[in-house]
Amino acid sequence: MDALMNAMAEPVFSAEDFRARVLAHAGEGEGEDYGDHRFNPGHPRLIGAKPLRDAAVLIPVIDRGAEATVLLTKRAETLRNHTGEVAFPGGRIDATDATPQAAALRETFEEVGLDGRSIEVLGRMPDYVSGSGYRIAPVLGVVQPGFHLTLNPDEVDAAFEVPLRFLMGAANHRRDSRMWNGLEWFYYEMPYGGQRIWGVTAGIIRTLYERLYA
């Protein structure tokens with residue numbers, strides 16, 4: 001009986017369960033203030049900042065049966081900003097993008113060749129403001145398996161999958177910091193499989209965890 005109860009209480013990390021959680025929380029948190037400032041309240045880096053630039057990323061949860069995964073990329077070493085960092089597919093919102101969702105899908109296709117026809121867009125989380133000056137719209141989607149990726153070498157060095165179970169496990173969320181102009185800047189990091197998931201990407205993952213799984 002105890003084993004049965006434990007099995008029933010075990011968290012589920014399928015794409016189906018993820019979809020249900022997203023839809024159950026649809027509309028919640030609109031207008032709330034999410035971002036790096038939650039981890040660094042009152043930090044001088046965030047005071048008097050320039051106008052925010054709008055961006056969108058896709059959080060692609062891949063339907064792998066009972067154990068869904070999340071697709072992440074490693075930015076190209078040749079890029080000027082955030083070189084070699086782990087990120088969600090995405091980028092700046094262009095004037096020609098009808099919605100943040102459209103921008104996220106466009107950028108995902110341009111970066112890794114993942115066609116929007118393979119993606120079920122479920123909605124989006126509230127915007128996440130980064131310390132680097134971006135207002136990021138995280139778009140939530142479920143991806144059906146059987147897709148083929150074509151990486152854009154000018155933007156992406158690699159793409160890889162991380163179990164949703166790992167990313168939504170609070171025990172894997174480490175707090176760390178570094179010095180910025182003589183002051184400490186705090187962030188989350190989630191090392192996995194030789195990749196360092198940290199900064200804004202880890203902050204968005206932490207926010208997703210707090211909204212859907214905490």
Side-chain angles (χ1 to χ4, degrees), residues 10-15 17-18 21 34-41 43 45-46 55-91 104 107-108 111-112 114 125 128-132 134 136 138-143 145 149 151-153 155-180 183-214:
E10 183 71 18
V12 177
F13 292 98
S14 65
D17 177 76
F18 175 77
R21 290 173 185 264
Y34 291 96
D36 288 345
H37 53 280
R38 283 202 164 188
F39 314 131
N40 300 273
H43 197 286
R45 183 183 184 187
L46 304 170
V57 298
L58 179 69
I59 301 179
V61 174
I62 303 174
D63 189 349
R64 300 292 188 194
E67 296 291 335
T69 62
V70 179
L71 181 69
L72 292 168
T73 69
K74 181 176 180 292
R75 290 169 57 85
E77 296 287 350
T78 54
L79 291 173
R80 180 182 303 176
N81 298 316
H82 304 287
T83 303
E85 292 184 6
V86 172
F88 290 111
E107 285 281 348
T108 297
E111 289 183 2
V112 299
L114 182 58
M125 291 170 56
Y128 186 100
V129 177
S130 73
S132 54
Y134 283 92
I136 303 168
V139 177
L140 303 167
V142 169
V143 182
L149 299 182
L151 305 188
N152 180 345
E155 299 190 48
V156 174
D157 279 347
F160 58 98
E161 296 178 31
V162 180
L164 180 65
R165 178 183 296 273
F166 175 87
L167 294 177
M168 295 298 107
N172 302 317
H173 300 178
R174 305 178 188 173
R175 286 292 301 273
D176 204 346
S177 66
R178 66 178 181 180
M179 300 308 292
W180 183 87
L183 295 171
E184 200 166 16
W185 177 262
F186 291 92
Y187 54 84
Y188 278 97
E189 66 174 0
M190 305 157 190
Y192 179 84
Q195 299 286 359
R196 186 188 182 209
I197 306 168
W198 71 290
V200 172
T201 301
I204 293 174
I205 291 170
R206 176 69 186 189
T207 303
L208 181 66
Y209 159 77
E210 291 176 353
R211 286 176 58 77
L212 300 185
Y213 290 88

Do the non-hydrogen side-chain atoms of [X] and [Y] ever get within less than 4.5 Å of each other?
X: Thr207; Y: Tyr128; answer: yes
X: Arg75; Y: Val156; answer: no
X: Pro191; Y: Arg174; answer: yes
X: Val112; Y: Thr73; answer: yes
X: Phe18; Y: Leu140; answer: yes
X: Asn172; Y: Tyr192; answer: no
X: Val70; Y: Ile62; answer: no
X: Thr69; Y: Val61; answer: no

[X]: what forms a salt bridge (Lys or Arg N to Asp or Glu O under 4.0 Å) with it, not counting sequence neighbours?
X: Arg206; result: Glu210
X: Asp176; result: none
X: Arg196; result: Glu189

About how many Å separate [atom2] of [Y] and [atom1] of [X], when rounded to the nearest 0.5 Å?
X: Met125; Y: Ile59; atom1: CE; atom2: CD1; result: 5.5 Å
X: Lys74; Y: Asp157; atom1: NZ; atom2: CG; result: 5.0 Å
X: Leu164; Y: Ser14; atom1: CG; atom2: OG; result: 8.5 Å
X: Phe166; Y: Ile205; atom1: CZ; atom2: CD1; result: 9.0 Å
X: Leu114; Y: Leu151; atom1: CG; atom2: CG; result: 11.0 Å

Checklist entry - Should the pair Arg175 and Tyr188 be classed as cation-pi, given the thresholds of under 6.0 Å to the six-membered ring centre and 45° from the axis? => result yes
Next on the checklist: Can you confirm if the NZ or CZ of Arg211 lies within 45° of the ring axis of Tyr213 and under 6.0 Å from the centre of its six-membered ring?
Outcome noted: no
Check [X] against [Y] and note the closest heavy-atom contact, atom names and distance.
X: Arg21; Y: Leu212; result: NH1-O, 2.7 Å
X: Gly65; Y: Asp63; result: N-OD1, 3.2 Å
X: Ala15; Y: Ala68; result: N-CB, 3.6 Å
X: Tyr209; Y: Ala170; result: OH-CB, 3.4 Å
X: Pro89; Y: Leu71; result: CD-O, 4.0 Å
X: Gly141; Y: Leu58; result: N-CD1, 4.3 Å

Item to check | Donor-acceptor contact below 3.5 Å, side chain Thr201 vs main chain Val86 | outcome: yes
Checklist entry - Taking the side chain from His173 and the backbone from Leu167, do they hold a donor-acceptor pair closer than 3.5 Å? => result yes
Next on the checklist: Could you walk me through whether Phe88 and Leu72 satisfy the side chain to side chain contact (heavy atoms under 4.5 Å, CB included) test, starting with their C-alpha distance in whole Å, then the side-chain angles of each, then the deciding distance to 0.1 Å, before giving a yes or no?
Outcome noted: CA-CA 5 Å; Phe88 290 111; Leu72 292 168; 3.4 Å; yes
Next on the checklist: As a quick check of understanding, evaluate salt bridge (charged side-chain N to carboxylate O under 4.0 Å, His left out) for Arg165 and Glu67, giving each step before the final call.
Outcome noted: CA-CA 7 Å; Arg165 178 183 296 273; Glu67 296 291 335; 2.7 Å; yes
Next on the checklist: Please evaluate residues Leu208 and Met168 with respect to the criterion side chain to side chain contact (heavy atoms under 4.5 Å, CB included), reporting the C-alpha separation (whole Å), side-chain torsions for both, the decisive distance (0.1 Å), and the verdict.
Outcome noted: CA-CA 8 Å; Leu208 181 66; Met168 295 298 107; 3.9 Å; yes
